[in-house]
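Note sheet for the following structure.
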Amino acid sequence: MSRRILVTSALPYANGHIHLGHLVEYLQTDMWVRFQKLRGNECVYICADDTHGTAIMIRARKENCDESDVIARMRKSHLSDFNRFQIAFDEYGSTNSDENREICHDIWKFARAANLIAEKEVEQLFDPIAGTFLADRFVKGTCPFCKAEDQYGDSCEKCGKTYTPKDLVNPHSTLSGATPELRTEKHLFFQLEKLHGFLNEWTQAGTHLQPSVAEYLKNFFLNEPLRDWDISRPAPYFGFEIPDFPGHYWYVWYDAPIGYVGTTLAWCKRTRQSFESWWKNSDTEIHHFIGKDITYFHTLFWPAMLHTAQYTLPSRVHIHGFLTVDGEKMSKSRGTFVQASTYLDHLDPAYLRYYYASKLGNNTNDLDLNLDEFVAKVNSDLVGKVVNLASRTARFVQTCGLSSTYPEDGGLFAEAAKDSEQIANTMEDGDFNRAMRLVMTAADRANLYIDQQAPWTLVKDPANAKKVQDICTVGLNLFRQIVIYLAPVLPELATKVGELLGEPIHAWEQAQTPLIGTPVNTFEHLMVRVKKEQVEAMIEAGKEENVVPQTSGTSTDEAAKTTANTVSEALTAEPFVEERINIDQFGAVDLRVAEVLRVEEIPEARKLLKLTLGFGGDVQKTVFAGIKAAYTPERLTGRLVLCVVNLEPRKMKFGTSEGMVLCAGTGGSDLFVLSPDSGAKPGQRIH
RNA sequence: CGCGGGAUGGAGCAGUCCGGUAGCUCGCGAGGCUCAUAACCUCGAGGUCAUAGGUUCGAAUCCUAUUCCCGCAACCA
């Protein structure tokens with residue numbers, strides 16, 4: 001019985017390029033969709049660019065063009081990346097489309113009718129120069145709690161406290177530098193609490209969500225009244241204007257998930273399908289693939305909106321973790337923040353498709369791209385095991401083709417045919433790692449068979465011709481089964497093998513019947529080994545592509561120059577601060593030469609050393625410096641260092657720190673204490 | 001006590017729900033083969049399953065406590 005399945009991936013934002021992290025999601029979804037199609041299900045894969053919001057508006061302004069130009073450019077880039085990674089959408093739309101507007105209006109009608117929309121006044125910071133309201137991340141200022149400077153509008157990176165932008169001391173707009181004004185505006189709110197009962201049931205019952213996700217929602221959101229969701233933004237805003245609230249626009253997160261529906265509508269129009277049969281039909285399964293960061297929107301607001309507007313609810317929301325590279329967060333300065341196009345400049349997309357598949361499970365764990373393992377896995381599994389099967393047999397049957405009846409093989413083909421359902425089940429569940437392991441076990445059996453039969457020995461005697469043909473017929477059929485099972489992951493390999501053996505691979509069931517009596521085309525390498533150097537080259541390129549001129553005054557020539565030497569690394573990690581200060585502000589910082597009198601180790605402290613600094617005479621200060629990893633007490637004692645002496649004293653776990661010792665470096669063990677030239681005296685001020 | 005995930009031979013992971021001889025891939029050592037892209041096959045070394053208690057005939061698995069890592073905390077997948 002064929003199922004009707006609609007699948008989506010989260011919509012990439014039209015303000016950035018696709019990178020390896022995004023691909024965890026798109027590749028996983030694509031493999032799942034291809035699997036469903038191979039199984040004979042009616043399956044459609046929907047995605048779109050997410051185009052609305054402040055960020056796009058700001059970018060268009062900066063580049064002095066229209067939002068539609070930004071969107072069009074990014075769309076082209078996204079489509080190219082997806083295409084080259086063999087991610088095959090049935091429809092790739094845009095949230096900025098007529099169809100999406102239509103659905104937004106439709107769902108809105110229901111929300112209004114259900115009396116779920118409330119109007120409230122909201123205080124928000126307004127940039128009078130840029131003429132726009134400021135989202136939290138566009139405001140910076142001094143943390144109201146710990147007085148750390150240059151913190152974002154929502155939380156302090158230094159002390160970790162959260163607050164609202166209007167709490168900031170000395171706030172300024174990152175757009176224009178202007179001091180924001182506090183303005184009051186009307187906003188519309190979606191009263192989610194009114195659907196609390198429905199959401200309790202929907203999230204906790206059935207298999208809509210992975211158990212850990214359901215648990216998370218229960219403990220974190222559903223155990224208290226659900227907050228109202230602010231879904232409007234006053235002009236100027238790039239998005240759809242709210243029909244019954246002129247001058248206000250839907251917040252980007254309202255129309256983004258609706259993009260799934262709007263894009264389906266566009267696809268239905270193009271292919272003359274019935275829209276109702278996809279989004280107003282309980283027989284249709286809807287599967288969303290998303291990252292864990294947007295769980296909240298897809299498991300609470302989105303079902304609430306669909307429920308209200310009487311659309312089909314998702315059958316399942318598949319939530320995955322993030323990508324780490326060599327165990328750490330992707331990092332621009334380390335070069336591990338690799339864009340899709342950079343990867344493709346150096347490596348075959350099949351490698352990444354397989355590698356991700358071999359690591360993906362039905363869980364929200366982060367997936368680690370271990371670069372050494374990547375090389376080892378691709379080479380030993382794909383080249384050494386799978387492709388090698390064809391490589392070591394095809395040549396022997398180049399002229400005679402496959403045997404006309406399927407030979408005795410000791411039950412090997414039947415065994416792999418029987419694996420079909422188990423592999424299919426693991427793929428259905430999204431446990432691609434298990435599926436890959438099962439497939440590799442089948443490849444091991446096939447390699448062992450060829451080893452034992454040793455056709456290369458038999459072939460020396462022409463009397464064994466038939467026997468050799470039979471052995472290779474078995475070998476190639478076992479190989480073909482494996483490639484069928486791998487087809488969702490490696491579509492290009494499946495196509496090539498279809499051509500090699502004269503029959504296209506198009507259905508999962510083909511693994512049940514051996515190919516016999518067909519000619520075998522000239523064998524060519526189906527996949528080449530990956531070299532460590534290629535991966536290294538990609539990482540190097542990743543470092544360079546992220547060196548961008550940080551200040552508008554930097555000419556491209558200068559930027560290019562700095563990429564050539566090591567200075568760029570430091571500058572990439574920490575670009576020049578754009579904001580200028582005047583001489584008075586600099587003068588406010590009291591820098592002094594100090595002598596390190598004593599250094600005490602604090603055994604319990606992980607990072608801190610306790611320094612006692614002398615400024616001449618009896619004047620001393622105690623400073624806790626986070627340099628334990630880089631310096632031993634012996635190396636510091638007696639040295640002259642530079643110290644900020646008028647810094648607000650800071651209470652720390654082991655005492656109060658009364659100043660700060662100046663260091664260069666990125667932290668940890670990469671730290672270098674600064675010293676004055678010889679002749680300087682403790683207590684001297686630095687100008 | 002904010003929430004969640006994790007800790008298993010050198011590396012990455014499975015096994016944990018439903019206790020019963022500790023498994024896979026890579027790497028390492030020895031041998032075999034020479035058809036194959038330094039590929040393939042066989043054998044071997046290497047783990048007190050984070051720690052401490054408890055339940056049990058029996059615990060990686062169940063219970064309790066502790067330690068350490070990582071992610072998230074509501075417009076970065």
Side-chain angles (χ1 to χ4, degrees), chain A residues 9-13 15-16 18-26 28 50 52-55 135-137 154-155 160 162 211-213 215-221 223 227 229-230 233 251-253 256 289-297 300-301 319-324 326-330 337 358-359 361 363-370 372-377 379-385 387-396 431 433-434 436-437 440-441 443-444 446-460 468 471-472 475 523 525-530:
Chain A
S9 292
L11 312 186
Y13 199 49
N15 190 30
I18 301 299
H19 55 66
L20 295 186
H22 291 112
L23 287 168
V24 171
E25 176 166 314
Y26 300 105
Q28 152 175 220
D50 179 15
H52 290 153
T54 313
D136 296 354
R137 52 168 303 210
D154 49 354
S155 67
T162 57
S212 65
V213 176
E215 190 68 16
Y216 162 68
L217 295 173
K218 194 168 90 183
N219 294 329
F220 205 64
F221 296 111
N223 62 350
R227 290 190 215 171
W229 182 33
D230 184 352
R233 294 291 184 273
Y251 173 50
V252 56
W253 263 109
F289 285 77
I290 62 164
K292 64 183 176 184
D293 57 322
I294 52 178
T295 300
Y296 179 63
F297 295 102
L300 296 175
F301 287 122
I319 301 177
H320 61 80
F322 298 140
L323 180 72
T324 55
D326 283 340
E328 305 201 41
K329 249 175 129 156
M330 293 193 299
F337 206 99
S358 78
K359 308 266 293 188
N363 56 53
T364 57
N365 298 347
D366 288 351
L367 188 156
D368 186 43
L369 167 56
N370 180 302
D372 290 332
E373 188 196 25
F374 173 82
V375 173
K377 204 153 204 158
N379 285 340
S380 54
D381 286 3
L382 289 186
V383 182
K385 279 181 186 165
V387 167
N388 191 34
L389 280 170
S391 195
R392 59 195 309 207
T393 50
R395 276 178 50 186
F396 293 122
D431 276 328
N433 59 345
R434 283 168 206 259
M436 292 307 103
R437 206 171 307 133
M440 287 310 137
T441 307
D444 286 342
N447 270 308
L448 179 56
Y449 169 83
I450 293 168
D451 227 66
Q452 287 166 343
Q453 300 298 319
W456 54 89
T457 311
L458 297 170
V459 79
K460 288 170 185 158
V468 170
I471 291 164
C472 294
F523 179 79
H525 281 170
L526 295 164
M527 197 174 284
V528 295
R529 302 175 67 78
V530 53

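Convention: sequence-line order gives letters A, B, ...; per-chain numbering from 1.
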Base, sugar-phosphate, or nothing: which does [X] touch, judged by heavy atoms less than 4.0 Å apart?
X: A:M440; result: nothing
X: A:Y13; result: nothing
X: A:L526; result: base
X: A:R227; result: base
X: A:N388; result: base
X: A:G384; result: sugar-phosphate
X: A:G21; result: base
X: A:V387; result: base
X: A:I294; result: sugar-phosphate

Is [N] paired to anything, Watson-Crick or G-U wobble with both distances less than 3.5 Å, and if yes, which nucleotide?
N: B:A59; value: none
N: B:G23; value: B:C13
N: B:C1; value: none
N: B:U42; value: B:A30

With [atom1] as the reference atom in both, quote the distance from [N] to [M] in angstrom, rounded to an integer.
N: B:U8; M: B:C1; atom1: P; value: 31 Å
N: B:U56; M: B:G20; atom1: C1'; value: 12 Å
N: B:A65; M: B:G9; atom1: C1'; value: 28 Å
N: B:U21; M: B:C13; atom1: C1'; value: 22 Å
N: B:G58; M: B:G53; atom1: P; value: 16 Å
N: B:G47; M: B:G23; atom1: C1'; value: 12 Å
N: B:A22; M: B:G46; atom1: P; value: 15 Å
N: B:A14; M: B:C28; atom1: P; value: 24 Å

key: salt_bridge(A:D368, A:K359) N-O dist < 4.0 Å   = no
Any donor-acceptor pair under 3.5 Å linking the side chain of [X] with the backbone of [Y]?
X: A:S380; Y: A:A376; answer: yes
X: A:N379; Y: A:V530; answer: yes
X: A:N370; Y: A:E373; answer: yes
X: A:Y13; Y: A:H52; answer: yes
X: A:H320; Y: A:I290; answer: yes

Whole-Å gap separating [atom2] ([N]) and [atom1] ([X]):
X: A:K292; N: B:C72; atom1: NZ; atom2: P; value: 7 Å
X: A:K460; N: B:C33; atom1: NZ; atom2: P; value: 11 Å
X: A:D444; N: B:A39; atom1: CG; atom2: C1'; value: 13 Å
X: A:N433; N: B:G23; atom1: CG; atom2: P; value: 20 Å
X: A:L367; N: B:C70; atom1: CG; atom2: C1'; value: 14 Å
X: A:L323; N: B:C70; atom1: CG; atom2: P; value: 17 Å
X: A:D451; N: B:C43; atom1: CG; atom2: C1'; value: 14 Å
X: A:R434; N: B:G15; atom1: CZ; atom2: P; value: 5 Å

Given [options], which nucleotide is nearest the side-chain atoms of [X]?
X: A:F297; options: B:C41, B:C75, B:C35; result: B:C75
X: A:V383; options: B:U37, B:C26, B:C75; result: B:U37
X: A:S391; options: B:A74, B:A36, B:C75; result: B:A36
X: A:K359; options: B:U25, B:G12, B:C33; result: B:G12

Taking 4.0 Å as the cut-off, does a side-chain nitrogen or oxygen of [X] come that near to OP1 or OP2 on [N]?
X: A:R392; N: B:A39; result: no
X: A:R529; N: B:A38; result: no
X: A:R437; N: B:C13; result: no

message = Which label fits A:F301 and A:F297: parallel for a plane angle under 30°, tilted from 30 to 60°, or perpendicular past 60°?
response = tilted
Plane angle bin for A:Y251 and A:W229 - parallel if under 30°, tilted between 30 and 60°, otherwise perpendicular = perpendicular
query = Of A:Y296 and A:A443, whose nearest nucleotide on RNA chain B comes first from the 5' end?
reply = A:A443
remark   = Judged by nearest nucleotide, the residue sitting upstream toward the 5' end of RNA chain B, A:K377 or A:T54, is A:K377
